[in-house]
Structures are given as C-alpha cells and as structure tokens.
Number of protein chains: 2
Amino acid sequence: MVRYHKQTRILVAIDCIIFGFDGSELKLLLVQRGLEHEKGKWSLMGGFIQKDEDFVEGSARILNELTGLEGVYMEQLYAFGDVNRDPIERTVSVAYFALIDIHKYEKQLNEDYHAEWFPIKDTPKLIFDHQQMVDMAKEKLRYKAAFHPILFELLPEKFTLPQLQSLYEGIFDYQFDKRNFSRKLQSTKLLVKQKDKDKESSKKGAFYYKLDKRRYAANFHAFLNLIPNPGNLK
Amino acid sequence: MVRYHKQTRILVAIDCIIFGFDGSELKLLLVQRGLEHEKGKWSLMGGFIQKDEDFVEGSARILNELTGLEGVYMEQLYAFGDVNRDPIERTVSVAYFALIDIHKYEKQLNEDYHAEWFPIKDTPKLIFDHQQMVDMAKEKLRYKAAFHPILFELLPEKFTLPQLQSLYEGIFDYQFDKRNFSRKLQSTKLLVKQKDKDKESSKKGAFYYKLDKRRYAANFHAFLNLIPNPGNLK
DNA sequence: GCAAAAGTGTTCCTTTTACACCCATGG
DNA sequence: CCATGGGTGTAAAAGGAACACTTTTGC
C-alpha cells in the first residue's frame, strides 16, 4: 500500500462535553479517568479514534459507552492540537459537545465508569486542557442558544414554560421577564400546548408543552431572536 | 518514554481555505498539488502537521509558504475525519480559513506553487473533500459576517463605502439599499472618514474610510446587525 | 450638458422592552 | 384565607425597511 513517507503520525482522540439539565441547573457529566496516567482524576469522557471509525461514529461510540444513549444531539466543537496537551504522548483531540435529557440517563454506570453529574458552576479540576474545552463549549452553547432553538434537546418531551425559562436563565445567567419570554417563545410556533399540567412545582400547576416536531425540524437552523439584548453577546 | 499502547496513530493535515477580495468579487486561492497522487489537480493549500508544531503554528506556516504573508486573520473551521477522505492513507484534516487583502499578496509564487485566484462562484474541481471544506467555509463566513465586523480583513487599509457594500453584496449574493447600508455601517462607529477620495471607479469619487483600530479591536467580537433580514440565514 | 456613480432624509411599520395585576390551588 | 407560583396585556421606544432626489465631475 502506498503511504506518505517521513510524516509524523499522531494519536487522535475524541473528547465529549456532555451537558444535561435537571430542571433547575445546567450540569456536566464527568468521569474518573481509568488510564494509567492521572488515574482517578476527573476528566471528560473520551477515547482514541479507531482505525476504521470516523468522528461521528467515534463520538457516538464514546457517548454510548458512558450513557447507553443513542441518537443524541452532538456537534463538533473544536480541534485541540497543542503539542504538550497530553503529557504522555502527543495527542490531537477533536472535542464534541452533546446535549441530553438528563432523565433519559438513568443507567447506573457510575460503578463502571465512575461518572458523575456536576453543576456547571461547580466542577472539579480537570485533566489536561479539558477545562478549556468545557469553557469553549459553554460559550458556544450560549451563542448558539441565543439564536437557534437548540436547548430543547436538554428537555424531556413534555416541559413547562417556567422550566424552559429557568433553563435559559441558567445558561445566560440572567433573569428574563416572564411575559416577554413567554411571548417570544410562543411566537416561534414551535410549542404545542398540552391539556395537562405539571403540578410538581406549584399549586396552580403549569401547562405542559411539547415541541411541534415538524416545525422544529424545519426551524432548527432558522434564525430566531430568543433572548433579550443579544448585542451583549460575543 | 511512556506511550499509549495499541492505538492507531494517524496523519494530521492542515488545509487552508484562503479568501481574498479584489474589489468586485470574492476569490479563493488554490494550488496545483505537488504530491505524487492526484498531481496537477487543484487543491487547497495544505500540509502535514509537524512533530513540534501546534495548529496555529502549522496553519501560519502553510499560509506563509504560499503567500509570504504573516499576521493574517485565520480561524479554525472544522476537523474532517472521514476514513477514506484521502485515498492514499488515512489523514485527519483540520481546516482553517484565512481572510487576506488580495493586494498584499503580490508575490509571484505561481511559479513555485502554481497558485491561482479563482472567483468563488467558478472554481475548478478539487481533490478529496476540499469542495466540502470550501462550502463550509463560505457558509461560516456568511454567518459570521452577518453579525461581526470580520470582512474588513479582506479590504486594504483605505476603502470606500461602495467597495465595502459590494463586498457584502458579493458574500450575501444580494443587493442592499445603499442608504440603509451606509447608515448601518456608520452606526458601528468603526469607520473613520478620510479627506481624500478614490477617483478610480467614478467621476465624482468616493470618500475613503479607515478602520478605527481601537474600536475595531474592542468590537471584533461584538454583536452587530450588519445585514438586512438576518432571519433568512441558517 | 449629460451620463454615471456618490451621497443623503423621512416615513412607516415591526419588534422589543418595561411594567403590574389577576388567577388557581394546596395547605 | 392566604401564600405561592402561573399566566396574561398595553403603551412607549427603538430599530429596520422602503423609498427618490440632488451632487459632482469627466468626457
């Protein structure tokens, strides 16, 4: 087989930044590293890309190993290539972020993987450049969520407006006016009001909504103004 | 030295999508491939990442080899990892896009590299997945240019409003109203009107403008509404 | 003096914001 | 009956879009 000569071949890893929302705050799924070096330290879920595996397959495999989930929203974040980012051996990492409905992740894989959800604002020290990856993922999530209806990926099938609003508020770290928020989200026509209410979090109860799946698919890339004063973003 | 065992090491390349603007249309810089396979076919400028080189150094090196330029705007676009994207040997490619003032690129390196500018709407067939890279870069450029003052990187130090407008019109493939365009761009406060005019392209002449560099640096990440109807973007 | 491109103002409409009260219910 | 959180409307302001005429000057 013909090959390129005299070129350096490098390990290529995939690391996954896995976000979840528990109904009140944004969380990050971390694992305790099993590999020899830095064993026991907290890290993102990752692994080396295999011989016959592309990035989509690789990231899905890694997510599935940890959570058992399939068909989850994943998006490439960035490729990290600093020469010494892994002190053992040079490794390029392609980072993906995933948004999952935290309630679908019920498996007790903690035993196998020592995985744990951490509030995004209170995460342990991470190995290598993983904190940088998390920071970049948070920023990208904010940016994207400001204009695209992406955060629904974090919610269960049925959700209430107050839940949706606390999700946005958690991510943008800002309190929105509930009248304006409701009007804005309703105007996307993505929400279908249900007949039943969530009575968990209040006496009056809040109506459930579902996504209009057709419209959602059509508008996923559409450009909506979902938060006030987007001019303050970067 | 400790290493990870039994893992696949892969070639990692960097490919550069180099955009330029000649005053009337957007162009792409391509080279004729020098490597054995597909020799003579048009391709993006690229190369393998070196042993002690990170992505920033690598992309700058590659751009510099082709154009002689330094200090150019470059941004990581995406990492491409399909197993068979390079038929010779599996190669992961990290694509960067660059925006350059076409007039600064005066070197006749065509002899060395067989490089040539092509109108973005009329490019030759490219090797591997390079067309996909170009398409993605165009889309990202559009998206970014709609909200961030990024296109100035394509212009010379002094430019006129009509030039700026044709740049935007070329990229968005749409005619803007010059009154609204002028007002919108002026309202960014990024432009400093000069006393002299460009008399090349009209009898009356159009005033030159320069960037307010302080404000530009401060607003580079700021969020501006630079084009009409951004809701049509994706 | 005319053709060609530059430059500039106003009006209308849509969108965004700020803001406060009533409703339903469980205890 | 009252405390708690859910739900809704309006008015004022700002921003965006549509639109046409005057200016300059080289030929």
Side-chain angles (χ1 to χ4, degrees), chain A residues 23-24 146-147 155 158-170 172 174-210 219 222-233, chain B residues 23-24 145-147 149 155 158-170 172 174-210 219 222-233:
Chain A
S24 65
F147 306 110
L155 291 169
K158 281 163 59 175
F159 52 86
T160 67
L161 281 178
Q163 278 167 20
L164 189 56
Q165 183 166 348
S166 19
L167 172 54
Y168 274 85
E169 290 183 341
F172 291 99
Y174 193 81
Q175 305 285 109
F176 301 134
D177 180 278
K178 65 180 172 179
R179 289 162 289 190
N180 294 337
F181 183 83
S182 167
R183 199 178 313 115
K184 202 167 245 190
L185 270 289
Q186 306 257 174
S187 77
T188 65
K189 314 258 189 163
L190 296 176
L191 304 183
V192 185
K193 193 172 189 170
Q194 304 301 113
K195 297 229 167 74
D196 52 337
K197 283 182 165 186
D198 164 40
K199 311 271 293 185
E200 300 279 309
S201 53
S202 78
K203 294 164 184 166
K204 184 177 178 183
F207 280 105
Y208 280 117
Y209 287 80
K210 283 188 182 178
N219 282 282
F223 203 90
L224 310 167
N225 244 10
L226 296 170
I227 63 155
N229 300 312
N232 302 329
L233 281 176
Chain B
S24 66
F147 306 111
L155 290 169
K158 282 163 59 177
F159 53 85
T160 67
L161 281 178
Q163 279 168 20
L164 189 57
Q165 185 168 347
S166 18
L167 173 54
Y168 274 84
E169 291 183 342
F172 291 99
Y174 194 80
Q175 305 285 109
F176 301 135
D177 180 276
K178 65 181 170 179
R179 291 160 289 193
N180 294 338
F181 183 84
S182 167
R183 198 180 313 111
K184 204 168 244 192
L185 271 287
Q186 306 258 175
S187 78
T188 63
K189 314 259 191 163
L190 295 176
L191 304 183
V192 184
K193 193 174 191 171
Q194 303 302 112
K195 298 228 167 74
D196 51 336
K197 284 182 165 185
D198 163 39
K199 310 273 293 185
E200 301 278 308
S201 54
S202 80
K203 294 163 185 166
K204 184 176 178 181
F207 280 105
Y208 281 117
Y209 287 80
K210 284 187 182 177
N219 282 284
F223 203 89
L224 311 167
N225 245 12
L226 296 171
I227 62 154
N229 300 313
N232 301 329
L233 280 176

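We name chains A, B, ... by the order of the sequence lines, and we start the count at 1 in each one.
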Which atoms form the tightest heavy-atom contact between [X] and [Y], and what is the distance?
X: L161(A); Y: S182(A); answer: CD1-OG, 3.8 Å
X: T160(B); Y: A206(B); answer: CG2-O, 3.6 Å
X: K204(B); Y: K199(B); answer: O-NZ, 3.8 Å

>> Rounding to 10°, can you tell me the angle the first-five-pair axis of the helix from dG1(C)-dC27(D) to dG27(C)-dC1(D) makes with its last-five-pair axis?
In response: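 Axis angle across the helix from dG1(C)-dC27(D) to dG27(C)-dC1(D), nearest 10°: 0°.
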Report the distance from atom [atom1] of [X] to atom [atom2] of [Y], rounding to the nearest 0.5 Å.
X: K193(A); Y: Y208(A); atom1: NZ; atom2: OH; result: 14.5 Å
X: F172(B); Y: L167(B); atom1: CZ; atom2: CG; result: 9.0 Å
X: F223(B); Y: F147(A); atom1: CZ; atom2: CZ; result: 3.0 Å
X: L226(A); Y: L190(A); atom1: CG; atom2: CG; result: 8.5 Å
X: D198(A); Y: F207(A); atom1: CG; atom2: CZ; result: 11.5 Å

>> So, using ring pair (Phe, Tyr, Trp, His ring centres under 6.0 Å) as the criterion, who are the partners of F176(A) when residues are at least two apart?
In response: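 Per chain and number, F176(A) pairs via ring pair (Phe, Tyr, Trp, His ring centres under 6.0 Å) with Y174(A).
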>> Just to verify, what does Y168(A) make a ring pair (Phe, Tyr, Trp, His ring centres under 6.0 Å) with, not counting sequence neighbours?
In response: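 Ring pair (Phe, Tyr, Trp, His ring centres under 6.0 Å) list for Y168(A), sorted by chain: F181(A).
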In chain order, what residues pass the side chain to side chain donor-acceptor pair (under 3.5 Å) check against [X], with sequence neighbours excluded?
X: Q165(B); result: E169(B)
X: T188(B); result: none
X: Y209(A); result: Q186(A)
X: S24(A); result: D22(A)

>> In whole Å, I'd like the distance from the NZ atom of K184(B) to the P atom of dA18(D).
In response: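 Spelled out: NZ on K184(B) to P on dA18(D) is 10 Å.
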>> In this structure, how many angstroms lie between the C1' atom of dG16(D) and the CG atom of L185(B), rounded?
In response: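 The distance from CG of L185(B) to C1' of dG16(D) comes to 14 Å, rounded to the nearest Å.
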> Heavy atom of residues 174-183 of chain B under 4.0 Å from DNA chain D: which residues?
Replying inline: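 Correct list: D177(B), R179(B), N180(B), R183(B).
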>> Tell me which pairs pass salt bridge (charged side-chain N to carboxylate O under 4.0 Å, His left out) where either residue lies in residues 176-189 of chain B, with sequence neighbours left out.
In response: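 Residue pairs passing salt bridge (charged side-chain N to carboxylate O under 4.0 Å, His left out), neighbours aside: D177(B)-R179(B).
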>> At a heavy-atom distance below 4.0 Å, which nucleotide of DNA chain C is the first touched by chain A, and which is the last?
In response: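 Result: dT16(C) to dG26(C).
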> Taking DNA chain C as the partner, which of residues 190-206 of chain A come within under 4.0 angstrom of it by heavy atom?
Replying inline: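 Correct list: K199(A), K203(A), K204(A).
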> Which residues, if any, of residues 161-168 of chain B bring a heavy atom under 4.0 Å of DNA chain C?
Replying inline: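 Close to the strand are P162(B).
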